[in-house]
Amino acid sequence: MPKRSPSRFPAPRLTPLILSDTTLRDGAQMPGVRFSVDDKVAIAKALADAGVGVIEAGFPAGSEREIEAVRRICAEVPGPRIMVLCRAVAGDIDAAWEALADAAPEGRGVGIFLATSPLHRRHKLGKSKAQCLDMIGRAVAYARKRFLKVTFSCEDGSRTEPAFLRQAYGVAMDAGATGIGFPDTLGVLTPEAVRRRVRMLAALAHPRGVRLRVHFHNDLGLATANTLAAVAAGADIVHLTVGGIGERAGNAALEETVMALILNQKQYRRSIGVDPAKLTGLCRLVSRLSGVPLAANKAVVGANIFATSAGVHQDGLLKHPDTYLPFRPEAVGADGIRLPLSPLSGKAALALRLAELGIELSPDELGRTSRIMKNAGKEAWADEEALLRRAAAAARQASL
Ligand code: KIV
Ligand code: ZN
């Protein structure tokens, strides 16, 4: 049979997806996080090194320190576009200019937000729809006098009436917005609902050459799934944070989104320009500087991702690593596979651990040691090595 030529199966054509990291802005809003200016610069450098294309570096109207951090990032971190967040008021846009004035025009931009949901309009802003639309138009037009890149976001967009959402974005685009942002501020949407909203917003933005950015919070644990649904439905830019840190339950996680897009490239067909091998280092850096620990079961970069204690999984991993790994440790720059022992472990991992301790046993002795280990109580397991040595000695004794 003639061999199929590889050219009959061309690699899928990939459309660029822009990853915009907001660790230094939304991530910095997480209770307990207090990044120093040096921390922010170090994280921005690590993001640039990983290939992240856009960094939302802060909220300049917040403080002089925020302005200083943004200025230093612009000066010391070449590569990514630096964005900052502003409320829809002139003073915030002036502060953004103070922070970004020295950056190259193409390399900087502002994200302006105004809350548009009925709850926020009534209770937080005390403004009518008409007043909100007026603020949006004026703020975007004012920002466009200085910035080439201006994205307007409806805060609490997911709880805003669809008709008013369309109106608000329409006003922003008429005033010159180059991007519109759709935040699910309270993390209430499901992937199905995201698909519908994003299709509607893409149909609004794309014919005008405007980019659509999405921003998902994780209150229902759906932020990454929602981000992927938005990508499939036509979003151009996704807002993410390292380790998923951010307000309340955090934001869609950069490392999760990157790996989901890479592993499912045929489905999503998007190029992202991020080096996955940098992900573990990046997440550990942000965890150290933010003080937010990486849970052992954290997707992609948690300590347990390449570890298993269960006998069946350990046996499979020892026979072929891909049996129980979604990707290899080196793909995300992790340390390697670990097979910690537990009462559920089998003989394969036990033999390996005994060999590490220089203990050689016959197959019978190994079987007896395994039984002793499986039946040992929680207290005995507290000192695993001592338990193992005692069990091996008892097993040997029994075979004398
Ligand atoms: O969650 C949100 O609505 C935000 C906006 C300010 C973009 O972070
Ligand atoms: Zn947010």
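Just so you know, ligand 1 is whichever comes first in the structure, and atom 1 is the first atom listed for that ligand.
- Inclusion of His215 in the first shell of the Zn ion (ligand 2) is supported: an N, O or S atom falls under 2.8 Å.
- Counting heavy atoms under 4.0 Å from ligand 1, residue Thr185 touches it through both backbone and side chain.
- The aromatic rings of Phe182 and Phe216 sit perpendicular, their planes meeting at an angle over 60°, well past the 30° parallel limit.
- Under the 4.0 Å criterion applied to side-chain N and carboxylate O atoms, Arg121 and Asp156 are not assigned as salt-bridge partners.
- Rounding to the nearest 0.5 Å places CD of Glu365 at 3.5 Å from OG of Ser399.
- With salt bridges taken as basic N to acidic carboxylate O contacts below 4.0 Å, none links Lys378 and Asp383.
- Each of the following atoms of ligand 1 lies closer than 4.0 Å to a heavy atom of Glu155: 3 (O).
- Residue contacts with ligand 1 for His239 are absent, since no atom lies close enough (heavy atoms, distance under 4.0 Å).
- Contacts between Arg25 and ligand 1, counted as non-hydrogen atom pairs separated by less than 4.0 Å, involve the side chain only.
- Under the 3.5 Å distance criterion, with hydrogens and angles disregarded, a donor-acceptor pair is assigned to the side chains of Asn251 and Asp26.
- Of all atoms in ligand 1, listed by their number and element, those nearer than 4.0 Å to a heavy atom of Phe113 are 6 (C).
- With a 4.0 Å cut-off on non-hydrogen atoms, Glu247 does not touch ligand 1 at all.
- Between the OH atom in Tyr268 and the CG atom in Leu228 there is a gap of 4.0 Å [rounded to 0.5 Å].
- Interface atoms of ligand 1 facing His217, defined by a heavy-atom separation under 4.0 Å, are 1 (O).
- Its N, O or S atom nearest to the Zn ion (ligand 2) is what matters here, and for His217 that atom is NE2.
- Between the side chains of Tyr169 and Asp174, no donor N or O sits under 3.5 Å from an acceptor N or O.
- Nearest protein heavy-atom neighbour of atom 4 (C) of ligand 1: His215 NE2, 3.5 Å.
- Using a 4.5 Å heavy-atom cutoff, the side chains of Ile93 and Cys86 are in contact.
- The contact set between ligand 1 and Pro183, taken as ligand atoms under 4.0 Å from a residue heavy atom, comprises 2 (C), 3 (O).
- Distance check for Asp26 against the Zn ion (ligand 2): an N/O/S atom falls below 2.8 Å.
- The two residues Val89 and Ala139 come nearest to each other via the heavy atoms N-CB, 4.4 Å.
- Here is the list of ligand 1 atoms found below 4.0 Å of a heavy atom in Asp26: 8 (O).
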